[in-house]
Peer 1: 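Sharing a structure here in structure tokens format.
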2 protein chains.
Amino acid sequence: MVQDSIRILQAQGYKVTKPRRQVLEILEEAQESLAPYDIQRLLRRQGKHLNHVTIYRILELFCRLNLAHRVLSSGGFVRCSLGKREGCHRFVVCRQCGAIQEFADKGLCQEEDRFAESRGFHTESHLSESSGLCSDCYRKQVKQNFIG
Amino acid sequence: MVQDSIRILQAQGYKVTKPRRQVLEILEEAQESLAPYDIQRLLRRQGKHLNHVTIYRILELFCRLNLAHRVLSSGGFVRCSLGKREGCHRFVVCRQCGAIQEFADKGLCQEEDRFAESRGFHTESHLSESSGLCSDCYRKQVKQNFIG
DNA sequence: AGCTTAAATGCAACAGTGTTGCAATTAGGG
DNA sequence: CCCTAATTGCAACACTGTTGCATTTAAGCT
Ligand SMILES: [Mn+2]
Ligand SMILES: [Mn+2]
Ligand SMILES: [Zn+2]
Ligand SMILES: [Zn+2]
């Protein structure tokens with residue numbers, strides 16, 4: 001709900017500006033994930049013009065406040081690995097230091113397959129990414145919180 | 001193995017060129033996924049210069065032949081959804097028609113958490129994408145194969 | 001080994017995405 | 001209504017990815 005997000009903005013001391021309200025509303029209306037320039041285009045059709053830089057900064061804030069979140073994509077050539085895509089490609093990524101660990105687990109694949117198939121979907125490959133903190137960064141953060 | 005990939009290229013009637021061999025070798029050496037411009041930089045350090053367009057075309061071919069695969073990323077603002085990232089964000093994407101279904105499953109999350117934690121990783125959010133065929137496209141493909 | 005030619009690469013030019021620094025505007029408290 | 005820090009807009013840039021066309025090259029054939 002847009003109202004909830006607005007309350008969170010205020011509670012955290014952020015201004016409730018026209019651009020921020022507009023981005024919230026368009027995301028709410030869309031009922032699906034939107035790319036930054038999608039947002040700009042949709043708003044423009046309603047006669048509302050926002051600079052793309054503003055949209056990027058607003059989305060970044062929203063993600064920081066957990067009002068929004070980024071969605072994975074493998075559309076571009078973000079990265080490329082040798083070897084078939086089939087099977088398991090699971091990553092854990094530390095949001096602090098960027099450390100990446102790759103692993104595989106047959107059990108998880110099978111469960112995902114089952115789930116997809118229950119909706120008529122025939123899985124060929126899986127990719128997944130869990131975000132969080134690596135053990136080092138987690139330790140540091142705990143220490144921080146203890147001091148602060 | 002680079003040799004295997006070369007054999008597959010030949011078997012499918014593609015030329016085994018110097019640029020293709022160099023990309024294969026650099027991916028093999030790296031032992032991790034590389035972005036197109038990473039590949040260009042690494043090769044340049046070895047005194048080998050490849051045009052970036054060439055690298056893109058080679059990677060596209062490799063992916064088509066299953067010698068390589070694209071890796072997910074949520075680095076950029078690919079897309080942005082309203083709502084917290086925590087919990088489950090699972091997508092099944094049809095490689096044929098692009099249809100997307102989103103769903104959530106607590107069980108899968110818990111298993112992924114367990115797995116990550118077993119390597120000292122503290123999970124905060126999950127994203128996953130299974131690629132395959134939706135029921136429509138699967139039906140069509142089966143029919144195709146039956147006729148052809 | 002030299003020819004031949006389709007396939008592949010390089011080059012130029014472009015479009016899309018995302019970032020930065022700074023000037024102008026504005027939300028919201030006093 | 002003023003004030004000011006926060007936010008937005010603007011300009012300029014860097015990075016990623018694509019397209020069309022000229023040039024080069026792998027590999028099959030004398
Ligand atoms: Mn703009
Ligand atoms: Mn280049
Ligand atoms: Zn870390
Ligand atoms: Zn489909």
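We name chains A, B, ... by the order of the sequence lines, and we start the count at 1 in each one.
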Peer 1: Quick check: closest heavy atoms across B:P36 and B:I55, and the distance to 0.1 Å?
Peer 2: O-CG2, 3.8 Å
Peer 1: Please list, pair by pair, any protein nitrogen or oxygen found under 3.5 Å from a nitrogen or oxygen in nucleotides 26-30 of chain D.
Peer 2:
from   : atom 1 : to    : atom 2 : distance (Å)
D:dA26 : N3     : B:K15 : NZ     : 3.1
D:dA27 : OP1    : B:V16 : N      : 2.7

Peer 1: Measure the distance from CZ on A:R20 to C1' on D:dT8 and round it to the nearest whole Å.
Peer 2: 9 Å
Peer 1: Donor-acceptor pair under 3.5 Å: do we get one between A:H52's side chain and the base of C:dT19?
Peer 2: yes
Peer 1: Who are the side chain to side chain contact (heavy atoms under 4.5 Å, CB included) partners of B:K18, not counting sequence neighbours?
Peer 2: B:Q22
Peer 1: Output the rounded distance in Å from CZ (A:R44) to P (D:dG9).
Peer 2: 13 Å
Peer 1: So which pairs with a foot in residues 41-59 of chain A pass salt bridge (charged side-chain N to carboxylate O under 4.0 Å, His left out), sequence neighbours left out?
Peer 2: A:D38-A:R41
Peer 1: Test of understanding: with side chain to side chain contact (heavy atoms under 4.5 Å, CB included), list the residues that count as partners of A:T123, not counting sequence neighbours.
Peer 2: A:D113, A:A116, A:F121, A:H126, B:S130
Peer 1: So B:Y56 and B:Y37, would you call those rings parallel, tilted or perpendicular, with 30° and 60° as cut-offs?
Peer 2: perpendicular
Peer 1: Name all residues meeting the salt bridge (Lys or Arg N to Asp or Glu O under 4.0 Å) criterion together with A:R119; count only those two or more places apart in sequence or in a different chain, and write none if there are none.
Peer 2: none
Peer 1: To the nearest 0.5 Å, what is the distance between CD (A:Q40) and NE2 (A:H49)?
Peer 2: 5.0 Å
Peer 1: Check every atom of C:dG10, D:dT18, D:dG17 against the side chain of B:L50 and return the nucleotide holding the closest atom.
Peer 2: C:dG10
Peer 1: Starting at CD of B:Q12 and ending at P of C:dA7, how long is that distance when rounded to a whole Å?
Peer 2: 15 Å
Peer 1: Whole-Å distance between C:dG16 P and A:I39 CD1?
Peer 2: 17 Å
Peer 1: List for me each residue that meets side chain to side chain contact (heavy atoms under 4.5 Å, CB included) alongside A:L65, sequence neighbours excluded, and say none if there are none.
Peer 2: A:L9, A:Q12, A:Y14, A:L61, A:L67
Peer 1: Under the side chain to side chain contact (heavy atoms under 4.5 Å, CB included) rule, collect the residues that match up with B:R21, sequence neighbours excluded.
Peer 2: B:I6, B:V16, B:E25
Peer 1: Rounded to whole angstroms, how far apart are CG on A:L59 and P on C:dT17?
Peer 2: 13 Å
Peer 1: At 10 degrees resolution, what angle do the end axes of the helix from C:dA1-D:dT30 to C:dG30-D:dC1 form when each is taken over five base pairs?
Peer 2: 30°
Peer 1: Between P on D:dT24 and NE2 on B:H49, what's the gap in Å once rounded to a whole number?
Peer 2: 16 Å
Peer 1: Measuring to OP1 and OP2 of C:dT17, would you say a side-chain N or O of A:Y37 lies under 4.0 angstrom away?
Peer 2: no
Peer 1: Take atom CG of B:N51 and atom P of D:dT25, then tell me their distance rounded to the nearest Å.
Peer 2: 14 Å
Peer 1: What nucleotide, of C:dG10, C:dG18, D:dT18, holds the atom closest to the side chain of A:P36?
Peer 2: C:dG18
Peer 1: Give the nucleotide from the list D:dG9, D:dC21, C:dG18 with an atom nearest to the side chain of B:R57.
Peer 2: D:dC21
Peer 1: Using whole Å, report how far OH of B:Y56 lies from C1' of C:dC14.
Peer 2: 14 Å
